[in-house]
Amino acid sequence: MAQIEIRFPDGNTQTFESGTTPLEIAKGISNSLAKRSVAAKFNDVVISLVQPLQEDGVLQLLSFKDDEGKDVFWHSSAHLMAQAIKRVFPEAQLGIGPPIADGFYYDIDLDRAITPEDFETLEQEMAKIVEENHPTVRKVLSAKEALDFFKKNHEMLKVDLIEELAQNGETITVYEQGEFADLCRGPHVPSTGYLGKNFKLLSVAGAYWHGDEKNKMLQRIYATNYPDKKLLKQHLKRIEEAKKRDHRKLGRELDLFSIQDEIGSGLILWHPKGALMRHLIESYWKDEHLKNGYDLVSTPHVAKHHLWETSGHTGFYQENMFRPMTVDDVDYQLKPMNCPFHMMIYKSQIRSYRDLPIRFAELGTVYRYERSGVLHGLMRVRGFTQDDAHIYCHPDQLTDEIIGVLDLNSRMLAKFGFTEYDVYLSTRPDKFVGSQESWEHATEALRKALELKNMNYQVDPGEGVFYGPKIDIKIKDVLGRSWQCSTIQVDFNLPERFDLNFVDVDGQRHRPITIHRALLGSLERFFGILIEHYAGNFPFWLAPVQAIVLPIADRHFDYAAEVKQQLMQAGLRVNSDLRNEKVGFKIREAEVAKIPFMIIIGDKEVETQTLSIRHKGEGDLGVMKLKQLLEHIQAIQDKE
RNA sequence: GCUCACGUAGCUCAGCAGGUAGAGCACAUCCUUGGUAAGGAUGAGGUCACCGGUUCAAGCCCGGUCGUGAGCUCCA
C-alpha cells in the first residue's frame with residue numbers, strides 16, 4: 001500500500017495509507033474532533049469527510065465554526081429539506097438550494113402554495129430523514145445520463161441546469177441519500193444523521209428562476225439549521241430582536257416619522273421628534289464639515305432637463321429618474337443627484353491650482369424612482385437627503401484627500417456608535433470611461449490611503465462604477481448586521497462632461513480629479529439604521545426629549561414649572577407631564593417613550609428644593625440638587 | 001414591476017355556512033391629589049382601503065385599483 005504524507009494546520013505531519021479518509025484521520029486524533037467535523041479542506045479544496053485521500057497534502061478539518069463548514073452543513077441541510085419536500089409533495093420540482101448567510105433556502109416549483117402551516121409537516125419529515133441516517137453518495141454522470149435521469153423524474157429545472165453545465169463542459173455530479181438524488185457539486189456531510197434536528201423553516205417567498213423576472217416565479221423556502229440547540233435559539237432570538245427594533249414600528253411608537261398613502265410611497269414625513277433628531281444630526285454634520293475644510297453649498301430640487309443630458313444621467317440613469325415636467329415649454333427634471341449642481345458651482349469661475357482642493361458639501365435632497373416592490377420604510381425610499389460632497393483636487397492631492405475623508409468618516413460614525421466596519425475597494429470594471437492610467441493612479445491612491453490608515457479592506461475586482469474606482473464602507477450594528485453607508489468614489493466622467501479645469505503652475509488648463517463621497521449615505525436610511533441600532537434608546541445628545549418633569553400632585557406644579565425652566569435654560573430638551581394621573585402611570589409612559597431622565601417632584605422635593613431623579617432603564621437614582629443633576633448630565637455629554 | 005399574503009376605530013387585533021360591527025390601548029368628561037412601569041366610571045369614535053359585480057342580503061364570495069409586508073441567484 002502506498003503511503004501519503006498529511007500535514008496539519010499546526011505544522012505536524014503524519015503518514016497514512018493512501019485511501020484513508022479525513023473522517024478516519026479525525027477519529028485517530030480524537031472522537032470529539034470527528035464528531036464536530038462536517039467536512040475537510042485538502043490542499044485548499046473543500047472535500048467530504050469520506051473522500052479517500054490519494055496524495056500528500058495539507059488537511060484541515062472543518063466544523064460548523066468555519067465558514068466553509070457552515071456552507072457544507074447548510075448545503076446538506078438544503079438537500080435534507082428538498083428530500084422532505086419531495087416526500088410530502090412528490091409533484092414538486094426542485095430548483096436550486098444553496099447555503100446563505102444565516103442558513104439556506106430551496107427554490108421549488110409547485111402549483112400549490114406552501115404555507116407556514118406546511119412547515120411543521122416538512123420539519124417532521126426532515127427529522128425522520130435524519131433518523132434514517134442515509135449516507136450521502138456522490139456519483140459522476142455523463143450529461144446524457146444526467147439528462148435522462150432528471151427527465152425521467154420530471155425535474156425540468158434540473159434539466160435546465162444540466163444543459164447549462166454541459167455547455168460549459170463541467171463534470172456533472174449527483175448526490176444520493178436514500179431514495180432522493182439531487183444534482184449537486186457538493187461536498188456534503190457523510191450522512192443525513194450529521195444534520196441533527198435543530199433546524200427550522202422560516203419563511204416562504206417568491207423568487208424568479210435564475211433571478212430573472214422573465215422566468216417563472218418559484219417558491220423559495222428559507223430555513224436554518226444549527227448543530228446545537230442553543231445556537232438555533234440564539235439565532236431565533238436575533239430574529240425576534242430585529243423585529244422588536246424594526247424602525248417602522250419604533251418610528252410610529254416614538255412618533256418620529258410616518259409614511260402615508262395620501263402623500264405617496266417612499267416619501268417621508270418627519271414628525272416633530274424625528275425632525276428634531278434630524279436637525280441635531282444635520283447640525284453636527286455641518287459643524288464637522290466646516291471644521292474640516294468643506295464649503296457648504298445649497299442647490300435646487302429641479303433643473304432643466306438639459307443639465308441631465310450634459311451629465312449623462314438621462315442615458316445611464318433614466319430608469320431611476322422621475323419623469324420630467326414642462327415649465328414654459330422647457331423640460332425640468334427633479335434631481336436624482338446633486339453632482340451636476342456642484343460641477344456648475346465649480347465651473348462658475350476660473351480655478352487656479354492654488355484654490356485646490358475645493359470641497360463642496362451639501363445635504364442635498366434627491367428624488368429617485370424606485371420600483372414599488374423595493375420600497376422599505378426609511379431604508380429604501382423615493383425622496384431622500386444625501387450627505388453629499390464633491391472634492392476637486394490636483395492628482396498629487398488625491399491620497400491626502402482620501403485620508404481626510406476616511407478620518408472624518410470614522411470620527412462621524414463613531415459619534416453615532418458605529419466603530420466596526422468592513423471596507424471594500426472596487427476596481428476597474430470592463431466598461432469604463434477615462435484612461436487606464438488615471439484609473440491606476442486613482443486606485444493606487446485609494447489603496448495607499450487605506451494602507452496608511454491601517455484599515456483592513458477587501459478588494460472587489462471589477463466592481464467599480466464605470467466612472468471610477470471606489471471605497472465602500474459597511475458599518476456593523478449591535479446585532480451584527482451590515483449596512484452600507486459610506487462611499488468614496490473617484491469620478492472621471494463628470495469633470496470630462498462638464499469640462500472642468502484649473503490653471504496649473506504651467507499656466508495651462510488641466511482637469512481636476514473629482515471625488516464624490518457620502519458618509520452617512522442618506523439621512524433617511526441612516527436614521528432608520530440608528531433607530532434599529534439603538535432600539536430607540538438614543539444617546540443623550542440625540543434623545544428628542546432628554547428629561548421630563550413629573551409632579552406628583554397639582555400643588556407641585558409651580559415648583560415643577562420652575563425646575564423645567566431652569567433645565568431649559570441649561571440647554572436641555574425638557575417636557576413636563578401635568579396630567580391628572582398617578583406618578584406610576586407618568587413614569588411608565590416616560591419609560592415607554594424612552595426619555596432618559598425623569599424628574600419626580602413631590603412634597604419632599606418642594607420643601608428641600610431638590611429633585612428625585614430616575615433614569616430610563618436604571619430606575620431610581622435618588623434625590624439630588626439641580627446643580628448635581630446638571631453635573632451628572634454634563635459628564636454624560638462629555639463622554640459622548 | 002412580478003409572486004404570495006395582508007388591508008376592520010389613531011394603534012394592536014377579534015369577527016363569520018354571507019344576516020347591515022367588537023375588545024384592549026389611546027382620546028374626551030367626571031371622580032380620585034395619588035411617591036418610582038398601567039386608579040375608577042362614563043362617553044365619543046368605523047362608507048370594514050377604494051371601485052365594480054354576484055346575492056333578498058357582502059367586512060366576509062368574485063373582478064379590478066391603491067397601499068403594506070415577505071422575497072425576487074449569496075448560482076447545481
Side-chain angles (χ1 to χ4, degrees), chain A residues 71 74-75 78-79 82 94-107 109 112-116 146 150 155 157-166 168 170-175 182-186 202-222 246 248-249 252-253 255 258-266 319 369-377 550-557 579-593 598-605 612-623:
Chain A
D71 277 358
W74 281 333
H75 195 174
H79 276 222
L94 301 175
I96 61 169
I100 52 175
D102 288 308
F104 56 94
Y105 66 77
Y106 219 111
D107 284 348
D109 187 6
R112 174 188 180 288
I114 300 272
T115 65
F150 285 103
E155 291 283 7
L157 299 172
K158 296 292 181 189
V159 169
D160 192 29
L161 291 171
I162 295 164
E163 278 166 353
E164 215 174 293
L165 291 174
N168 300 336
E170 288 180 52
T171 318
I172 293 167
T173 53
V174 166
Y175 275 78
D182 195 3
L183 174 72
C184 186
R185 181 168 44 207
L202 297 171
S203 63
V204 56
Y208 298 101
W209 178 231
H210 284 293
D212 187 337
E213 56 191 75
K214 289 190 208 79
N215 291 337
K216 183 163 189 190
M217 173 82 61
L218 309 177
Q219 300 189 60
R220 172 167 300 177
I221 304 176
Y222 286 89
D246 192 316
R248 294 166 299 183
K249 183 170 170 296
R252 186 173 45 241
E253 286 171 4
D255 195 17
S258 66
I259 303 169
Q260 301 179 21
D261 294 1
E262 287 79 358
I263 310 292
S265 298
E319 292 213 332
Y369 173 74
E370 299 280 1
R371 303 159 103 207
S372 61
V374 305
L375 299 172
H376 180 88
L550 309 177
I552 288 171
D554 30 14
R555 64 178 172 279
H556 310 126
F557 281 11
R579 292 177 304 172
N580 177 14
E581 295 290 352
K582 293 200 171 183
V583 72
F585 182 81
K586 293 181 182 180
I587 285 171
R588 181 186 149 75
E589 295 230 319
E591 287 276 354
V592 169
M598 285 155 271
I599 299 161
I600 293 124
I601 285 171
D603 290 337
K604 274 185 285 176
E605 289 76 15
S612 246
I613 307 301
R614 180 188 164 100
H615 192 274
K616 164 194 67 167
E618 292 170 23
D620 199 345
L621 297 190
V623 177

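Below, read A as the first sequence line, B as the second, and so on, with proteins coming before strands; counting in each chain starts at 1.
In summary, the side chains of Trp209(A) and Asp109(A) do not present any donor paired with an acceptor at a separation below 3.5 Å, with no hydrogens or angles considered.
In this structure, Ile259(A) places its CD1 atom 8 Å from P of rU68(B), rounding to the nearest Å. Going from atom CG of Asp554(A) over to atom C1' of rG35(B) covers 15 Å, rounded to whole Å. The interatomic distance linking Asp107(A) (CG) with rC72(B) (P) rounds to 9 Å, in whole Å. When the P atom of rC4(B) is taken as reference, atom OH of Tyr222(A) falls 17 Å away, rounded to whole Å. The CG atom of Leu375(A) sits 11 Å away from the P atom of rA70(B) (whole-angstrom rounding). Following rounding to the nearest Å, Asp182(A) (CG) and rC75(B) (P) show an atom-to-atom distance of 16 Å.
Distance noted for atom P between rA23(B) and rA9(B): 14 Å (whole Å). Between rG15(B) and rC31(B), the distance separating the two P atoms is 39 Å to the nearest Å. Comparing the P positions of rC13(B) and rG69(B) gives a spacing of 14 Å, expressed to the nearest Å. Only the P atoms considered, rG39(B) is 27 Å distant from rA14(B), to the nearest whole Å. Nucleotides rU29(B) and rG63(B) have their P atoms positioned 48 Å apart, rounded to a whole Å.
A sub-4.0 Å separation between OP1 or OP2 of rA26(B) and a side-chain N or O of Arg252(A) is absent. Checking the phosphate oxygens (OP1, OP2) of rA37(B), a side-chain nitrogen or oxygen of Arg614(A) falls inside 4.0 Å. Here Arg555(A) reaches the OP1 or OP2 of rG34(B): one of its side-chain N or O atoms lies under 4.0 Å away.
Contacts of Val374(A) with the nucleic acid, taken as non-hydrogen atoms under 4.0 Å apart, include base atoms. If you check every strand for non-hydrogen atoms under 4.0 Å, His556(A) touches nothing. Residue contacts for Thr171(A): at a heavy-atom cut-off of 4.0 Å it reaches a base atom on one of the strands shown. Counting any heavy atom pair closer than 4.0 Å across all strands shown, Lys586(A) reaches no nucleic acid atom. As judged by a 4.0 angstrom heavy-atom cut-off over every strand, Glu163(A) is placed among residues making no nucleic acid contact. Nucleic acid contact class of Ala553(A) (heavy atoms, under 4.0 Å, all strands): base. Using a 4.0 Å heavy-atom cutoff across all strands shown, Asp261(A) reaches sugar-phosphate atoms only and no base atom. Asp603(A) comes within 4.0 angstrom of a base, heavy atoms only. Within the nucleic acid shown, Ile96(A) comes within 4.0 Å of sugar-phosphate atoms alone, with no base atom in reach, counting heavy atoms only. The residue Gly584(A) sits close only to the backbone: its heavy atoms come under 4.0 Å of sugar-phosphate atoms, none of a base. Residue-level contact check: Ile162(A) touches neither bases nor backbone, having no heavy atom under 4.0 Å from any strand.
Across all strands shown, rA37(B) forms no Watson-Crick or G-U wobble pair with both key distances under 3.5 Å.
With hydrogens and angles ignored, no donor-acceptor pair under 3.5 angstrom links the side chain of Ser265(A) to the base of rU68(B). A donor and an acceptor atom never sit less than 3.5 Å apart when one is taken from the side chain of Tyr105(A) and the other from the base of rG71(B). No donor-acceptor contact under 3.5 Å links the side chain of Arg220(A) to the base of rA70(B). Counting distance only, with no hydrogens placed and no angle test, the side-chain atoms of Glu262(A) and the base atoms of rG67(B) include no donor-acceptor pair under 3.5 Å. Under 3.5 Å, the side chain of Ser612(A) and the base of rG35(B) form at least one donor-acceptor pair of N or O atoms.
In this structure, His376(A) and Tyr369(A) both approach RNA chain B, and ranking their closest nucleotides by distance from the 5' end singles out Tyr369(A).
Side-chain atoms of Glu605(A) lie closest to rG35(B) of the nucleotides rU33(B), rG69(B), rG35(B). Taking the side chain of Phe585(A) as heavy atoms from C-beta on, and the options rA26(B), rU36(B), rA70(B), the nearest nucleotide is rA26(B). Picking from rA37(B), rG71(B), rC74(B) the nucleotide with the shortest atom distance to the side chain of Met217(A) gives rG71(B).
Shown here is Glu618(A), whose CD atom has more than 12 heavy atoms of other residues, nucleotides or ligands within 6.0 Å.
Summarising the geometry, atom CZ belonging to Phe557(A) is positioned 11.5 Å from atom CD1 belonging to Ile552(A); distances are rounded to the nearest 0.5 Å.
Not one N or O on the side chain of Lys586(A) forms a donor-acceptor pair closer than 3.5 Å with the backbone of Met598(A).
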